[in-house]
Amino acid sequence: MNLILLGPPGVGKGTQAKLLIDRFGIPQISTGDILRAAVKDLTPMGVKAKGFMDAGALVPDEVVIGIVEERLAQPDCQKGFILDGFPRTVPQADALGKVLSGMGKQIDHVVSLSVDKDELLKRLTGRRACSKCGAGYHVDFAPSKVAGVCDACGGDLFQREDDKEATILNRLAVYEAQTAPLISYYGAAGVLRSVDGLGTVDGVQAEILAVLQGAR
Ligand code: AP5
Ligand code: MG
């Protein structure tokens with residue numbers, strides 16, 4: 001199954017993708033995670049991307065298209081994949097379509113998640129992640145047992161650089177201007193499945209599984 005998770009910053013794309021990996025045995029491709037790893041490792045791509053990411057702006061299309069094209073060619077994507085945070089512009093969506101058709105593949109479902117802006121702000125300002133294993137937390141909605149310490153591996157929890165309120169507001173504006181048009185783009189292609197992102201993590205997952213199975 002070839003899947004895209006579409007939606008604004010903080011809506012729960014990463015949280016839901018992690019559950020879908022286990023369910024379907026297909027990998028998550030998060031361009032945000034790949035870029036953050038490149039920034040941490042100080043690779044040439046990371047050095048180039050850092051300024052855009054810290055400002056809450058999009059990294060240039062050609063950079064992210066190259067990342068995804070390379071990743072989709074890996075053997076673990078044979079059975080399918082979950083794209084999280086890509087595509088984010090119409091040129092990225094066009095490029096993805098070309099790459100996939102060159103491989104004899106297509107997108108099966110675009111799950112479009114939505115919640116209101118106040119909820120997005122709460123989710124993003126309270127988000128924490130483990131610096132060692134990457135597990136995700138929220139100070140109010142999904143806290144670790146010991147504040148600042150990962151339940152799974154004991155690693156330190158950190159707040160993402162772009163989860164400061166001013167940067168969050170810019171990311172939300174960038175989403176509206178550049179990414180929201182993909183809702184009608186994929187609607188016209190007949191692959192859009194809309195899901196309410198409000199509710200418990202498990203409740204939203206159940207809704208996603210229902211739309212993927214055509215039960216709703
Ligand atoms: P990226 O990493 O993709 O960030 P994003 O799209 O802004 O999305 P987030 O990761 O912030 O949110 P999410 O939807 O994954 O939410 P999560 O599950 O964590 O991109 C970062 C940057 O990289 C971009 O700004 C850009 O610079 C660059 N970039 C990346 N891709 C690019 C591309 N294609 N083109 C150009 N540039 C690109 O959940 C958030 C919080 O809410 C967590 O704390 C979680 O625990 C909590 N939560 C989740 N679900 C629930 C729930 N149901 N109830 C209560 N809390 C919940
Ligand atoms: Mg994410």
Side-chain angles (χ1 to χ4, degrees), residues 4-21 28-40 45-46 48-69 71 82-96 111-116 118-130 134-144 150-151 157-164 167-180 182 195-208:
I4 293 173
L5 293 182
L6 180 64
V11 77
K13 303 181 296 293
T15 304
Q16 295 299 330
K18 296 271 183 309
L19 299 175
L20 293 168
I21 296 174
Q28 168 197 19
I29 304 175
S30 161
T31 41
D33 287 350
I34 294 169
L35 288 166
R36 276 185 291 280
V39 169
K40 199 172 164 196
M45 182 177 78
K48 189 173 172 192
K50 186 176 179 352
F52 295 101
M53 296 175 77
D54 286 350
L58 294 184
V59 173
D61 285 340
E62 62 273 17
V63 175
V64 281
I65 290 166
I67 292 174
V68 172
E69 189 168 8
R71 185 65 187 85
I82 306 157
L83 284 167
D84 159 9
F86 181 94
R88 250 173 154 101
T89 63
V90 170
Q92 288 180 22
D94 286 341
L96 174 65
V111 175
S112 170
L113 291 166
S114 55
V115 301
D116 59 72
D118 284 350
E119 177 72 13
L120 293 177
L121 279 169
K122 278 188 223 156
R123 288 187 184 184
L124 289 169
T125 50
R127 174 168 53 191
R128 300 291 183 272
C130 177
Y137 294 90
H138 189 283
V139 291
D140 297 316
F141 306 143
S144 56
C150 179
D151 292 346
L157 303 188
F158 73 100
Q159 183 169 29
R160 258 169 57 176
E161 276 295 317
D162 59 350
D163 277 348
K164 298 187 180 94
T167 315
I168 291 172
L169 293 175
N170 196 36
R171 287 162 61 203
L172 294 176
V174 166
Y175 172 81
E176 283 306 324
Q178 302 198 55
T179 308
L182 294 180
V195 171
D196 184 356
L198 207 57
T200 63
V201 169
D202 289 346
V204 175
Q205 178 72 190
E207 276 289 297
I208 293 175

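All ligand and atom numbering here is 1-based and tracks the order in the structure.
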Least distance between heavy atoms, [X] atom then [Y] atom:
{"X": "I4", "Y": "F86", "result": "CG2-O, 3.9 Å"}
{"X": "V68", "Y": "T31", "result": "CG2-CG2, 3.5 Å"}
{"X": "H138", "Y": "F141", "result": "ND1-N, 3.0 Å"}
{"X": "P87", "Y": "L96", "result": "CD-CD2, 4.0 Å"}
{"X": "D151", "Y": "Y137", "result": "N-OH, 2.8 Å"}
{"X": "A38", "Y": "M45", "result": "CB-CE, 3.7 Å"}

For ligand 1, is there an N or O atom under 3.5 Å from any N or O atom of [X]?
{"X": "T15", "result": "yes"}
{"X": "F52", "result": "no"}
{"X": "G12", "result": "yes"}
{"X": "L58", "result": "no"}
{"X": "F141", "result": "no"}

Note the single closest protein heavy atom to [atom], along with its residue, its atom name and the distance in Å.
{"atom": "atom 31 (N) of ligand 1", "answer": "T31 OG1, 2.7 Å"}
{"atom": "atom 53 (N) of ligand 1", "answer": "G199 O, 2.9 Å"}
{"atom": "atom 4 (O) of ligand 1", "answer": "R160 NH2, 3.2 Å"}
{"atom": "atom 15 (O) of ligand 1", "answer": "G14 N, 2.9 Å"}
{"atom": "atom 28 (C) of ligand 1", "answer": "L35 CD1, 3.7 Å"}
{"atom": "atom 7 (O) of ligand 1", "answer": "R171 NH2, 2.7 Å"}
{"atom": "atom 22 (C) of ligand 1", "answer": "M53 CE, 4.0 Å"}
{"atom": "atom 30 (C) of ligand 1", "answer": "R88 NH1, 3.5 Å"}

Ligand-side contact atoms (ligand 1) for residue partner [X], heavy atom cut-off under 4.0 Å:
{"X": "H138", "value": "44 (O), 46 (O)"}
{"X": "F86", "value": "34 (N)"}
{"X": "V201", "value": "50 (N), 51 (C), 52 (C), 53 (N)"}
{"X": "L124", "value": "11 (O)"}
{"X": "P9", "value": "5 (P), 7 (O), 8 (O), 12 (O)"}

Looking only at heavy atoms, is any part of [X] under 4.0 Å from ligand 1, and if so is it the side chain, the backbone, or both, or is it neither?
{"X": "Y137", "result": "backbone"}
{"X": "T200", "result": "backbone"}
{"X": "V59", "result": "both"}
{"X": "P87", "result": "neither"}
{"X": "V64", "result": "side chain"}
{"X": "Q92", "result": "side chain"}

*For K50, what residues pass the salt bridge (charged side-chain N to carboxylate O under 4.0 Å, His left out) criterion, not counting sequence neighbours?*
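K50 satisfies salt bridge (charged side-chain N to carboxylate O under 4.0 Å, His left out) with D54 once adjacent residues are dropped.
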
*Quick one: which of K13, K18, Q28 gives a side chain to side chain donor-acceptor pair (under 3.5 Å) with D84?*
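When side chain to side chain donor-acceptor pair (under 3.5 Å) is applied between D84 and each of K13, K18, Q28, only Q28 qualifies.
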
*If you round to the nearest 0.5 Å, how far is CZ of R71 from CG of L83?*
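If I round to the nearest 0.5 Å, the distance is 10.0 Å.
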
*Can you measure from CG (L58) to CZ (R171) and round to the nearest 0.5 angstrom?*
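Result: 10.5 Å between the selected atoms.
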
If you take the nearest heavy atom of each of [options], which one is closest to [atom]?
{"atom": "atom 43 (C) of ligand 1", "options": "R128, R127, Q16", "result": "R127"}
{"atom": "atom 34 (N) of ligand 1", "options": "A135, P143, G85", "result": "G85"}
{"atom": "atom 25 (O) of ligand 1", "options": "A57, G136, A142, G32", "result": "A57"}
{"atom": "atom 48 (N) of ligand 1", "options": "R123, K13, R36, Q178", "result": "R123"}

_K122/D140 salt bridge by N-O under 4.0 Å criterion_ =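 The answer is no: the pair does not qualify as a salt bridge.
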
*Is the closest heavy atom of G10 to ligand 1 under 4.0 Å?*
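Yes, that is the case, since the closest heavy atom of the residue is under 4.0 Å from the ligand.
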
*Can you find a non-hydrogen atom of L198 under 4.0 Å from ligand 1?*
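The answer is no, since L198 has no heavy atom less than 4.0 Å from ligand 1.
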
*When L124 is tested against each of I168, T167, V11 for side-chain contact (heavy atoms from CB on, under 4.5 Å), which residue passes?*
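Option passing the side-chain contact (heavy atoms from CB on, under 4.5 Å) with L124: I168.
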
Is there side-chain contact between [X] and [Y], with at least one heavy-atom pair below 4.5 Å?
{"X": "I34", "Y": "I29", "result": "yes"}
{"X": "D162", "Y": "N170", "result": "no"}
{"X": "Q16", "Y": "V195", "result": "no"}

*asked:* For the backbone of T200 and the side chain of Q205, can you confirm whether one donor and one acceptor N or O come within less than 3.5 Å of each other?
replied: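 It does not hold such a pair.
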
*Of all residues at least two apart in sequence or in a different chain, which pass the side-chain hydrogen bond (donor to acceptor under 3.5 Å, both in side chains) check with T89?*
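Counting only residues at least two positions away or on another chain, T89 forms a side-chain hydrogen bond (donor to acceptor under 3.5 Å, both in side chains) with D61.
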
